[in-house]
Amino acid sequence: MEMYLLGVIDDIMLWAQLLWWLWLAILAYFYYAWARDHLFFMPPLVLVVAGILIYYLVIEHWIFGTLGLIFYTLIFGGVLYLLPIFLPFFRKRPGS
Amino acid sequence: MGPILFALLPLLDIFQTIGDLDLVIKIMAMSYMILWLYAQLRESMLLFGLGTMLAGYFLFINPLPTIIIVIIFVAFVSLGMHLQMLFQFGLFPLLRFFGIELEHPEVAEQQKMQSIEQKVRRGEDLTREEEEFMERVQKRETKYQQRMGQMMQRYGH
């Protein structure tokens with residue numbers, strides 16, 4: 001087997017790494033934005049709270065941080081309003 | 001086996017995780033309380049500071065009830081409108097599809113009436129139940145209109 005073909009794995013790992021860092025950055029921005037939205041009247045406190053949230057929910061326990069983001073987006077993003085539009089696909093046609 | 005696994009739990013750092021998340025939840029609850037206090041008391045910073053100290057005191061002394069109250073407050077007061085829309089436009093249509101009616105009966109009645117009218121417009125046959133339903137609603141509506149007409153005659157100009 002030509003060994004140079006294994007370079008594909010390196011490429012995949014590199015892209016996985018890059019996407020992983022991108023996801024962590026998105027997560028960190030999400031929690032920073034949360035702190036900014038809730039404590040906009042105290043800029044130093046925004047930094048402190050955002051720092052604590054990012055340390056615990058992005059660096060230490062990224063699983064819970066990701067779950068939090070998904071839950072928050074699901075509930076408050078308006079995705080659930082769209083669920084009933086899929087109902088006609090499951091409804092019985094009048095003819096059949 | 002169970003007790004051994006339970007004894008090994010600290011090795012999984014699960015208590016550490018719970019402690020960390022506990023701190024995070026407390027900080028988020030405190031943020032919500034400070035935001036609410038600022039919205040109420042931004043005219044007088046003295047009261048705002050005292051309120052913040054009081055909120056912190058409550059959170060320190062009995063964290064669980066305070067967090068529960070904050071969650072209830074946020075869910076039903078701050079996000080009540082959103083919750084209502086989520087129920088009305090997300091949950092109820094889904095449940096109605098599965099045959100569960102949780103809405104106000106008048107809303108469901110109106111929707112049923114609309115679907116029957118559509119059927120009539122398409123020229124389809126109605127079932128006996130649908131015909132009876134339509135008759136009942138129409139009878140009630142004519143009665144209502146008659147009563148309104150009487151009221152207008154009596155009290156209107």
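FYI, side chains are in, hydrogens and waters are out, and symmetry mates aren't considered; it's all heavy atoms of this structure. These numbers come from a predicted model, not from an experiment. Quick note on labels: first sequence line is chain A, next is B, and so on, each numbered from 1.
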If one checks every heavy atom of A/Phe86 against chain B at 4.5 Å, the contacting part turns out to be neither
Taken to the nearest 0.5 Å, the spacing of A/Tyr55 OH from B/Leu23 CG works out to 11.0 Å
The interface call for B/Ile27 against chain A, heavy-atom contacts under 4.5 Å, is side chain
**Item:** Close side-chain approach of A/Leu80 and B/Phe89, heavy atoms under 4.5 Å
**Value:** no
So CE of A/Met42 and CZ of B/Phe48: to nearest 0.5 Å the spacing works out to 3.5 Å
> Just wondering, more than 12 heavy atoms not from B/Met81 lying within 6.0 Å of its CE?
Replying inline: no
(request) Report, as yes or no, whether the 6.0 Å neighbourhood of atom CZ on B/Phe87 holds more than 12 heavy atoms from other residues, nucleotides or ligands. (result) no
Whatever's closer than 4.5 Å to a heavy atom in chain B on A/Leu39 counts as side chain
Between the OH atom in A/Tyr56 and the CG atom in B/Leu21, the distance rounded to the nearest 0.5 Å is 10.0 Å
Using a 6.0 Å cut-off, check whether atom CG of B/Asn62 has over 12 heavy atoms from anything other than its own residue. yes
Worksheet item: What do you reckon, is CZ of B/Phe73 surrounded by more than 12 foreign heavy atoms closer than 6.0 Å?
Response: yes
Q. Do the side chains of A/Val8 and A/Leu18 join up, straight or via other hydrophobic residues, at under 4.5 Å, putting them in one cluster?
A. no
Turns out that what part of A/Tyr81 lies under 4.5 Å from chain B's heavy atoms comes down to both
Applying a strict 4.5 Å limit to non-hydrogen atoms, the region of A/His61 in contact with chain B is side chain
Turns out that what part of B/Met30 lies under 4.5 Å from chain A's heavy atoms comes down to neither
Answer yes if A/Ile63 and A/Leu19 sit in the same cluster of Ile, Leu, Val, Met, Phe, Trp and Tyr residues linked by side chain heavy atoms under 4.5 Å apart, and no otherwise. yes
So, the part of B/Tyr32 with a heavy atom under 4.5 Å from chain A: the answer is side chain
- How about A/Leu53 and B/Met28: do any of their side-chain heavy atoms sit closer than 4.5 Å? yes
Under 4.5 Å to a heavy atom of chain B? For A/Leu82 that would be neither
query = In the single-linkage hydrophobic clustering (I, L, V, M, F, W, Y; side-chain heavy atoms under 4.5 Å), do B/Tyr38 and B/Leu46 co-cluster?
reply = no
Evaluate side-chain contact (heavy atoms from CB on, under 4.5 Å) for B/Asp20 paired with A/Phe64, printing each intermediate quantity in order. CA-CA 11 Å; B/Asp20 290 351; A/Phe64 290 100; over 6 Å; no
If one checks every heavy atom of A/Ile85 against chain B at 4.5 Å, the contacting part turns out to be neither
State yes or no: do B/Phe58 and B/Leu50 share one hydrophobic cluster built from I, L, V, M, F, W and Y residues joined by side-chain heavy-atom distances below 4.5 Å, directly or via other members?
-> no
CZ of A/Phe76 to CG of B/Leu86, rounded to nearest 0.5 Å, is 9.0 Å
d(A/Leu45 CG, B/Ile34 CD1) to nearest 0.5 Å is 5.5 Å
Polar side-chain atom of B/His82 near backbone of A/Ile75 as donor-acceptor pair, under 3.5 Å:
yes
dist B/Ser31:OG -> A/Ile52:CD1 (nearest 0.5 Å) comes out at 9.0 Å
query: Can B/Leu37 be reached from B/Met53 by stepping across I, L, V, M, F, W or Y side chains whose heavy atoms are under 4.5 Å apart?
result: no
